[in-house]
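Working notes for the structure below.
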Amino acid sequence: MPTINENFLKMEKNYLFINIAKKIKAYSDANPEKAKNIIRMGIGDVTLPIAKCVIDAMKKGADEMSVKETFKGYEDSGAGYEFLREAVSDYYKSFGVDVLADDIRINDGAKADCGNIVDIFGDDNTVLITDPAYPVYVDTNLMNGRKVIFADSNEENGFAAMPDQNVHADLIYLCSPNNPTGSVYTKDQLKVWIDYALKNNAIIIYDAAYEAFITENDIPRSIYEINGSKKCAIEMCSLSKTAGFTGMRCGYTVVPRELVVKASDGTEVSISQLWGRRQGSKFNGVSYPVQCAAAAVFTKEGLREIKQNIQYYQENARIISGVLNELGIKYTGGKNSPYIWLKCPNNIGSWEFFDKLLEEANVVGTPGAGFGKNGEGWFRLTAFGDRDKTIEAMERFKKII
Ligand SMILES: *Cc1c(COP(=O)(O)O)cnc(C)c1O
């Protein structure tokens, strides 16, 4: 009989959204009529279809697979076709960031890389994660038995945690614009994190999945906008929220060649080389038609079409924020993010508010407590829904407060 990885037994039994789904099912079974009216503003999934030019590119890629001359088997490097890596590199250039196509690896979404990247780091590292945070960062490190410490994001700091200079960390996860809180780091704040990482010889894993939602010009869209970052940061991004790729699966990770660490015998090791080695053994690349689709996202037409979808979600966010303003409810996000992170009215708990909203308004959101202890008393709504449903949900919200 094999032994198991007992670290799994120390974790929450279910991923947050499975617990939420169970609650919705229990309510729906007991109230089948009301269940028909449920509006979901919980899971961070997009709802608008993918841009036409992107789907056309995918079809063209699929057709190429049916012709002997253009058929593609395994990709040589598994790092992604050069046409797509160049397109991502050019996209970075469009907002003033220099990232070499050779330092970009294409993947089937950022979640996998966020989790898998830790394979190349020792289990004796101390991992610093903001609280609240996207559950993947914590879970993936607990699975390997790593020590996880937290930096508090809370009402006082606008849910933008800063490092404690007296605490040492080896790996740091940052996410801006943040899921779940919708908060963003300014350039000055990111500089503080970079200086902290350089001082501690730490590496930052920077999740930029929501960069396309940034509306304010002075908010950084990439950690590489800040000096010194290439020596201490890996950046992950995804087309999931940017271009509606949650069901298509494509993202990219940047590991700058400047990023080196010392092995125990003192030799310098390139993080990019280690990550390439890991991926070479455990990952065989993203399907060709999907990479064709992804490249089309970065064309002029693609960028124009995805912008329309993002603006639709941004308008939803304004509608949600508007109602919260009216009601005098505190919140972060909504401005540079599809998430609105609100303080539960009357100081009730996150799960209590979840039940109230589900039962009295038939609206589903996400309890902040599911993202960490500082999320208790807070609640996440997403702007990824239909316009009409968002308006209707907020009308119902108003009535029960
Ligand atoms: C949605 C999301 C991602 C993207 O995940 P994919 O695997 O690319 O779909 C990454 N990070 C955060 C914080 C997210 O919310």
Side-chain angles (χ1 to χ4, degrees), residues 15-17 20 40-48 50 54 80 84 88 91 104-118 127 129-141 151 153 159-161 172-185 204-214 221-223 233-254 279 283 285-287 290-291 293-294 297 306 309-310 313 317 332-334 336-341 365-366 368 370-372 375 380-385:
Y15 192 61
L16 171 63
F17 293 102
I20 292 173
R40 291 168 191 264
M41 296 169 86
I43 295 188
D45 198 356
V46 295
T47 53
L48 291 175
I50 292 170
V54 172
L84 178 52
V88 175
Y91 176 64
I104 297 167
R105 295 188 76 94
I106 305 303
N107 58 39
D108 57 359
K111 187 184 201 173
D113 273 20
C114 277
N116 293 335
I117 193 85
V118 298
V127 184
I129 301 175
T130 61
D131 176 333
Y134 183 48
V136 178
Y137 313 149
V138 178
D139 288 353
T140 195
N141 281 291
S153 292
F159 285 95
I172 302 157
Y173 281 84
L174 298 178
C175 177
S176 174
N178 192 269
N179 178 10
T181 71
S183 64
V184 285
Y185 282 122
I204 296 172
I205 297 161
Y206 191 74
D207 187 339
Y210 297 94
E211 59 79 20
F213 288 83
I214 292 173
R221 295 177 61 172
S222 162
I223 196 165
I234 293 169
E235 180 160 294
M236 300 189 174
C237 200
S238 164
L239 295 182
S240 282
K241 317 300 160 46
T242 308
F245 268 47
T246 51
M248 288 270 267
R249 314 305 309 140
C250 196
Y252 45 94
T253 293
V254 180
Q279 290 296 77
F283 183 65
V286 177
S287 90
V290 168
Q291 292 196 54
V297 167
I306 66 164
N309 287 1
I310 289 171
Y313 297 136
T332 55
N336 298 296
S337 157
Y339 297 122
I340 290 92
W341 178 252
T366 312
F371 298 99
R380 192 189 75 175
L381 291 176
T382 92
F384 282 129

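Residue numbers run from 1 in the order of the sequence given. Remember, it's 1-based here, ligands and their atoms both numbered in the order they're listed.
The side chain to side chain contact (heavy atoms under 4.5 Å, CB included) test applied to Ala243 returns Leu239, Phe245, Val297, Ile306, not counting sequence neighbours.
The environment of CZ in Arg40 is sparse: at most 12 heavy-atom neighbours from other residues, nucleotides or ligands sit within 6.0 Å.
Taking the side chain as every heavy atom from C-beta outward, Phe371 and Arg380 approach each other to under 4.5 Å. Residues Asn178 and Phe159 have side chains not in contact (no heavy-atom distance under 4.5 Å, counting atoms from C-beta outward).
Rounding to the nearest 0.5 angstrom, the gap separating the CZ atom in Arg105 from the CZ atom in Phe283 is 8.5 Å.
Below 30°, between 30° and 60°, or above 60°: for Tyr137 and Tyr173 the angle between ring planes is below 30°, a parallel geometry.
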Could you list, one pair per line, each nitrogen or oxygen of ligand 1 together with any protein nitrogen or oxygen closer than 3.5 Å, giving atom names and the distance rounded to 0.1 Å?
residue, atom, partner, partner atom, Å
ligand 1, 7 (O), Ala110, N, 3.3
ligand 1, 7 (O), Lys111, N, 2.9
ligand 1, 7 (O), Arg249, NH2, 2.7
ligand 1, 8 (O), Ala110, N, 2.7
ligand 1, 8 (O), Ser238, OG, 2.6
ligand 1, 8 (O), Ser240, OG, 3.3
ligand 1, 9 (O), Ser240, OG, 2.6
ligand 1, 9 (O), Arg249, NH1, 2.9
ligand 1, 9 (O), Arg249, NH2, 3.4
ligand 1, 11 (N), Asp207, OD1, 3.4
ligand 1, 11 (N), Asp207, OD2, 2.6
ligand 1, 15 (O), Asn179, ND2, 2.7
ligand 1, 15 (O), Tyr210, OH, 2.6
ligand 1, 15 (O), Lys241, NZ, 3.3

